[in-house]
Amino acid sequence: MSSESEKVLIGVIGGSGLYHLDNLTIVKEVNPKTPWGFPSSPIIICALPSGTKVAFLARHGQGHTHAPSAVPARANIAALKSLGVRAILAFSAVGSLREEISPGSFVLPSQIIDRTKGVRPASFFEGTSIVAHAAFGDPFSNKLVHWLESRVQKALDAEGRGVQLFTGKTIVCMEGPQFSTRAESIMYRQWGGDLINMSVLPEAKLAREAELSYALVATATDYDSWRPQSEAVTAMEVFKTLQANADTSRHVCATILDELHEAVDNNAASEDADILCEEVGSMRFSIMPRSAKQNPQDREKLAYVLPEYFSGE
Ligand SMILES: CSC[C@H]1O[C@H](OP(=O)(O)O)[C@H](O)[C@@H]1O
Ligand SMILES: Nc1ncnc2[nH]cnc12
């Protein structure tokens, strides 16, 4: 078991453009082999100036080698959990489906519309004889998102670039890798979508199955393809905003990660201690059949990500 100072409670998943964090000492790189394979890239364990450790994982790999449909999301979430991570702050470059959410804006979404095509393994239980129905009505961790609102706002204010923060928005997750047609983009607006990306699923579902708190910091890069008088989105358009958004994301991380670590730490004396981990215990009554009837090999596999329910008798 890791000692107090070794605890890595917070995982940061960097999206397009965010392949490293700033002002951190790299402690080590780890590349755990999980029952679902290796993560997108080795996970960097880094220390903040205070000594607090965080785990950083580049979703598409260092150098961006995994297409959105091929991101090994199960290995990513399982590997983070195996390191002791309890809360994940995930960053993503997104298209905006709303005029007011201009490129450069930051958003903490609260809902997801699933437009992936069933080609991404979306459950740790897939391929086993054990069935689990995780609750997903609120796909992000409400308490964590609420906790982040004021902290991210403060960090953006302190940076002084005038980056706006939006909350309570709905993100559409599409399969990609091609961008949407104009007709699809307009349809997503009619459905109530405010943002679009290719990455939040199955990541958020898997975090829920692993009983990890999960929040997305969506960083807008473009207006997708719904604006009649504008060019449809291109990768070139996205790249224009990517660097500035990544710089701001690093600033947000540098500002809030110490406090987040403390808030998530069971043993800390902070007022928030443990309140951010509302997902713990959420799978207890979601799993069938009961343990006596579960296949031992499946139990062994699932114990990697949910030792609470699958290790021991
Ligand atoms: C580079 S444009 C499309 C690409 O960007 C987003 O990646 P991420 O969520 O990892 O920042 C989007 O989801 C697509 O994968
Ligand atoms: N317009 C868009 N559609 C899907 N994913 C994106 N990521 C950044 N911009 C995007």
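Whatever order the structure lists them in is the order used to number ligands and atoms, beginning at 1. We're numbering straight along the sequence, starting at 1.
When each of Ile45, Ile43, Ile44 is tested with Glu29 by the rule side-chain contact (heavy atoms from CB on, under 4.5 Å), just one qualifies, namely Ile44.
Under 4.0 Å is where a charged nitrogen must lie from a carboxylate oxygen, and between Arg98 and Glu100 no such pair does. Using a 4.0 Å cut-off between a side-chain N of Lys or Arg and a carboxylate O of Asp or Glu, Glu308 and Lys81 qualify as a salt bridge. Between Glu99 and Arg227 there is a salt bridge, since a side-chain N of the basic residue sits under 4.0 Å from a carboxylate O of the acidic one. Contact check on Asp247 versus Arg250 returns a salt bridge, with a Lys/Arg side-chain nitrogen under 4.0 Å from an Asp/Glu carboxylate oxygen.
With hydrogens left out, the protein atom closest to atom 10 (C) of ligand 2 is Gly95 N, 3.4 Å, a heavy atom. Nearest non-hydrogen protein atom to atom 10 (O) of ligand 1 is His60 NE2, 2.5 Å. In terms of protein heavy atoms, atom 5 (N) of ligand 2 is closest to Asn197 CA, 3.4 Å. Distance from atom 6 (C) of ligand 1 to its nearest protein heavy atom, with residue and atom name: Ala93 O, 3.3 Å. In terms of protein heavy-atom proximity, atom 7 (O) of ligand 1 is closest to Ser16 OG, 2.9 Å. Closest to atom 7 (N) of ligand 2, if we only count protein heavy atoms, is Ala93 O, 3.0 Å.
Per-residue contacts place Thr221 under 4.0 angstrom from the following atoms of ligand 2 (heavy atoms of the residue considered): 8 (C), 9 (N). Listed by number with element, the atoms of ligand 1 under 4.0 angstrom from any heavy atom of Pro68 are 15 (O). Taking every heavy atom of Asp224 and a limit of under 4.0 angstrom, the matching atoms of ligand 2 come to 1 (N), 2 (C), 3 (N). Close contacts between ligand 1 and Arg59 involve ligand atoms 8 (P), 9 (O), 10 (O), 11 (O) [criterion: under 4.0 Å to a heavy atom]. Distances below 4.0 Å separate heavy atoms of Asn197 from the following atoms of ligand 1: 9 (O), 13 (O). Under a 4.0 Å criterion applied to the non-hydrogen atoms of Ser92, ligand 1 contributes the atoms 8 (P), 9 (O), 11 (O). Near Met174, with a cut-off below 4.0 Å to any heavy atom, the atoms of ligand 2 are 4 (C).
Remark: the Ser141 side chain and the Glu279 side chain contain an N/O donor-acceptor pair separated by less than 3.5 Å. Between the side chains of Gln294 and Ser129, not a single donor N or O lies within less than 3.5 Å of an accepting N or O.
The residue from Gly15, Ala235, Ala90, Ser199 that puts a heavy atom closest to atom 15 (O) of ligand 1 is Ser199. Residue nearest to atom 2 (S) of ligand 1, selected from Ile171, Ile13, Asn245, Val238: Val238 (by heavy-atom distance). Taking only non-hydrogen atoms, the option from Val233, Ile196, Asp222, Val200 nearest to atom 3 (N) of ligand 2 is Ile196.
Ring geometry for Trp226 versus Tyr223: interplanar angle over 60°, hence perpendicular rather than tilted (30 to 60°).
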Inset, instruction - Output, in order, the C-alpha distance, side-chain angles, deciding distance and verdict of side-chain hydrogen bond (donor to acceptor under 3.5 Å, both in side chains) for Arg115 and Tyr188. - result: CA-CA 10 Å; Arg115 279 277 297 170; Tyr188 297 145; 2.8 Å; yes

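Annotation: side chain of Asn142 is in contact with side chain of Glu278 (closest heavy-atom distance under 4.5 Å).
Checked by distance only, ligand 1 and Met198 come closer than 3.5 Å through their nitrogen or oxygen atoms.
Environment of NE2 in His64: crowded, with over 12 heavy atoms of neighbouring residues, nucleotides or ligands closer than 6.0 Å.
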